[in-house]
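As the structure is a computational prediction, the values presented were derived from the model and not from experiment. The figures here come from the full heavy-atom set of this structure, side chains too, leaving out hydrogens, waters and symmetry mates.
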Amino acid sequence: MIGAVADDVTGGTDAAVAFRRQGLRTAIYFGLPETVDPGLDAVVIALKTRTAPAADAVTDSLAAAARLRAAGADRLYFKYCSTFDSTARGNIGPVLDALTAFTGTDAVVHTPASPEHGRTAYQGHLFVHDRLLSDSPMRDHPLTPMRDANLLRLMDAQTAAPGSATVPYAVVREGTAAIAAAITKARKYSRYLFPDVLTDADLLAVARAVADEPLTGGGAGLAGALAAVAAERRGTAADAPPEPPGGPAAVLAGSCSARTLEQIAHLQRAGRPAHRLDALATPDPDALAAAALAWYDALGPGEAPLVYSSLPPGDLAAVQDALGTERSAQVLEAAIARVALGLKDRGVTRFVCAGGETSGAIVAALGVDGGVIGAEAARGVPWIHTGRGLDVLLKSGNFGEPDLLLTASEAR
């Protein structure tokens with residue numbers, strides 16, 4: 001079994017669908033489950049630790065790793081964002097330090113690279129499409145602004161074992177044997193190794209070199225490549241996913257990424273009714289939620305409405321300046337969680353959610369503790385069938401085409 005510990009719920013679903021796409025029997029749990037089904041090929045435990053205090057992130061991640069190990073996971077994967085979302089204090093470094101000690105390994109190969117999503121790594125630097133990470137919209141992320149693209153520098157600032165190294169592209173393009181030899185040599189002096197990755201073929205070569213390591217990590221790209229290696233070894237093939245679910249739907253968005261803002265604009269241009277949660281005008285989650293639900297109650301029948309708090313960088317900065325970054329996030333997450341619960345009580349069964357923190361708040365409010373991975377509405381964005389009469393789609397802020405929120409929430 002491959003056991004993955006994810007630092008947020010959208011990242012967890014991204015990893016889970018990468019496993020399932022390769023034919024692995026896969027389950028996802030939101031939060032620490034009491035038990036894990038041992039009869040699976042891959043299990044993902046999706047936590048909400050990306051922006052938690054580092055000590056809490058370490059405690060929760062170790063608990064998840066222990067639960068996976070007890071269920072039979074002989075290889076662990078730490079799933080973090082393909083844009084290396086973190087701060088100078090972590091939490092990628094502290095969690096990997098703890099998982100390294102837990103597994104007893106001496107070196108960990110990990111990479112945020114996911115070429116299919118436009119994330120590549122070259123000479124130790126992370127690129128988002130044709131830009132360095134530090135020049136991408138992630139530069140202005142409200143919680144984890146990424147203003148350095150050098151993965152070694154970013155990692156060394158967070159870990160108790162600085163001295164990260166790359167596996168250069170000249171080695172990676174030689175293939176698996178050369179990569180494995182370079183890892184063996186580098187692990188004598190570096191705990192954390194970042195292979196340069198430009199293509200999916202590069203990822204697969206890296207995965208073949210590290211498939212039996214007790215701990216690896218990164219984005220969904222390497223997770224999917226490891227799943228492909230596992231499928232090769234077992235001779236399994238992907239089965240057809242179920243059809244997308246039907247039922248009353250709503251779109252709930254909190255991500256302030258450029259792509260989510262584009263998707264919201266597309267939804268509004270299509271004429272969908274929309275209501276914005278304005279924390280600056282009403283910094284009270286109960287009042288914000290009550291107003292949104294009253295607005296929903298006044299709507300007539302029609303396509304799924306949108307409730308959102310997403311803002312462009314300038315407007316977001318004004319809210320954060322007035323309320324503080326932490327308080328504004330807490331108010332809006334609590335409000336959208338209350339909205340989700342109210343919509344469930346009003347008969348909504350399909351929730352299309354945009355943003356990692358937003359998705360975490362929503363699944364917690366709805367009491368969703370896991371589910372079966374279903375059809376993908378976009379690459380890396382699957383429907384999750386909870387078995388409780390609810391279906392959720394949890395979209396990372398930067399994922400999906402401009403029409404994703406529109407098409408995912410269409411009447412069925």
Side-chain angles (χ1 to χ4, degrees), residues 6-15 30 46-52 79-83 85-86 117 136-138 140-146 219-220 249-268 274-279 285 288-289 292 304-313 315-316 319-320 325-326 328-341 343 350-366 368 377-378 380-384 392-402 404-406 408-409:
D7 67 357
D8 83 338
V9 298
T10 56
T13 59
D14 192 14
F30 299 117
L47 305 174
K48 197 169 182 289
T49 55
R50 181 171 297 170
T51 57
K79 168 62 176 70
Y80 57 72
C81 188
S82 63
T83 46
D85 293 20
S86 55
H117 295 124
S136 76
M138 281 299 299
D140 298 314
H141 192 282
L143 299 177
T144 53
M146 303 306 297
V251 181
L252 303 176
S255 169
C256 295
S257 72
R259 177 46 58 96
T260 296
L261 292 173
E262 186 179 8
Q263 291 164 340
I264 287 171
H266 190 94
L267 196 70
Q268 291 175 311
H275 178 88
R276 186 168 77 84
L277 302 173
D278 187 347
L288 283 171
L306 163 70
V307 178
Y308 70 106
S309 61
S310 311
L311 289 171
D315 295 337
L316 176 63
V319 176
Q320 292 177 330
T325 300
E326 185 173 348
S328 61
Q330 289 173 343
V331 167
L332 290 171
E333 285 178 30
I336 210 157
R338 288 164 171 74
V339 170
L341 196 56
L343 292 175
R350 285 191 296 146
F351 290 84
V352 178
C353 313
E357 301 301 316
T358 299
S359 295
I362 290 169
V363 297
L366 296 177
V368 172
V381 188
W383 281 102
I384 299 170
V392 294
L393 186 127
L394 310 175
K395 185 195 87 72
S396 180
N398 291 302
F399 277 22
E401 295 302 314
L404 173 59
L405 299 183
L406 178 68
S409 59

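- Summarising the geometry, atom CG belonging to Asp7 is positioned 9.0 Å from atom OG belonging to Ser86; distances are rounded to the nearest 0.5 Å.
- Shown here are the side chain to side chain donor-acceptor pair (under 3.5 Å) partners of His117, two or more places apart in sequence or in another chain: Ser114.
- In this structure His275 satisfies the ring pair (Phe, Tyr, Trp, His ring centres under 6.0 Å) test together with Trp295, sequence neighbours excluded.
- Taking all atoms of both residues into account, the shortest heavy-atom contact from Phe399 to Ser82 is CE1-OG, 4.5 Å.
- The heavy-atom pair separating Thr83 from Met146 by the smallest distance is O-CG, 3.8 Å.
- The ring pair (Phe, Tyr, Trp, His ring centres under 6.0 Å) test applied to Tyr308 returns no partner, not counting sequence neighbours.
- Note that CG of Asp8 is 9.5 Å distant from CG of Leu47, once rounded to the nearest 0.5 Å.
- In this structure, the separation between NZ on Lys395 and CG on Leu404 is 6.5 Å, given to the nearest 0.5 Å.
- Judged purely by atom type and a 3.5 angstrom limit, Gln320 has no side-chain atom pairing as donor or acceptor with the backbone of Ala329.
- For Thr144, the side chain to side chain donor-acceptor pair (under 3.5 Å) criterion is met by His141, not counting sequence neighbours.
- Under the side chain to side chain donor-acceptor pair (under 3.5 Å) criterion, Ser255 pairs with Ser257, Thr260, sequence neighbours left out.
- Ser396 and Asn398 share no side-chain donor-acceptor pair at under 3.5 Å.
- Qualifying side-chain contact (heavy atoms from CB on, under 4.5 Å) partners for Ala258, counting only residues two or more places apart in sequence or in other chains: Pro137.
- Considering NE2 of His266 and CG of Leu405, their distance stands at 9.5 Å, rounded to 0.5 Å.
- A search for side-chain contact (heavy atoms from CB on, under 4.5 Å) contacts involving Cys256 returns Leu316, not counting sequence neighbours.
- The side chain to side chain donor-acceptor pair (under 3.5 Å) check on Glu401 picks up nothing, with sequence neighbours excluded.
- For Ala340, the side-chain contact (heavy atoms from CB on, under 4.5 Å) partners at least two apart in sequence or on another chain are Leu252, Phe351, Ile362, Leu366.
- Residues Ala279 and Leu332 approach most closely at CB-CD2, 3.7 Å, considering heavy atoms.
- When atom types are taken as modelled, the side chain of Gln263 and the backbone of Gly400 share a donor-acceptor pair closer than 3.5 angstrom.
- The SG atom of Cys81 sits 8.5 Å away from atom CG of Asp14, with the distance rounded to the nearest 0.5 Å.
- For residues 350-360, the salt bridge (Lys or Arg N to Asp or Glu O under 4.0 Å) pairs, not counting sequence neighbours, are Lys48-Glu357.
- Closest approach of Ala304 and Ser409 over heavy atoms only: CB-O, 3.6 Å.
- In this structure, the separation between CG on Leu341 and CD1 on Ile336 is 13.0 Å, given to the nearest 0.5 Å.
- Counting all heavy atoms, side chain and backbone alike, Pro305 lies closest to Ala249 at CD-O, 3.7 Å.
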Please assess Phe30 against Thr13 for the test side chain to side chain contact (heavy atoms under 4.5 Å, CB included), listing each intermediate value before the final yes or no. CA-CA 10 Å; Phe30 299 117; Thr13 59; 4.1 Å; yes

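- Residues passing the side-chain contact (heavy atoms from CB on, under 4.5 Å) test with Pro312, sequence neighbours excluded: Leu261, Asp315.
- Taking all atoms of both residues into account, the shortest heavy-atom contact from Ala292 to Leu277 is CB-CD2, 4.0 Å.
- Listed by chain and residue number, Arg259 satisfy the salt bridge (charged side-chain N to carboxylate O under 4.0 Å, His left out) test with Glu262 (two or more places apart in sequence, or in another chain).
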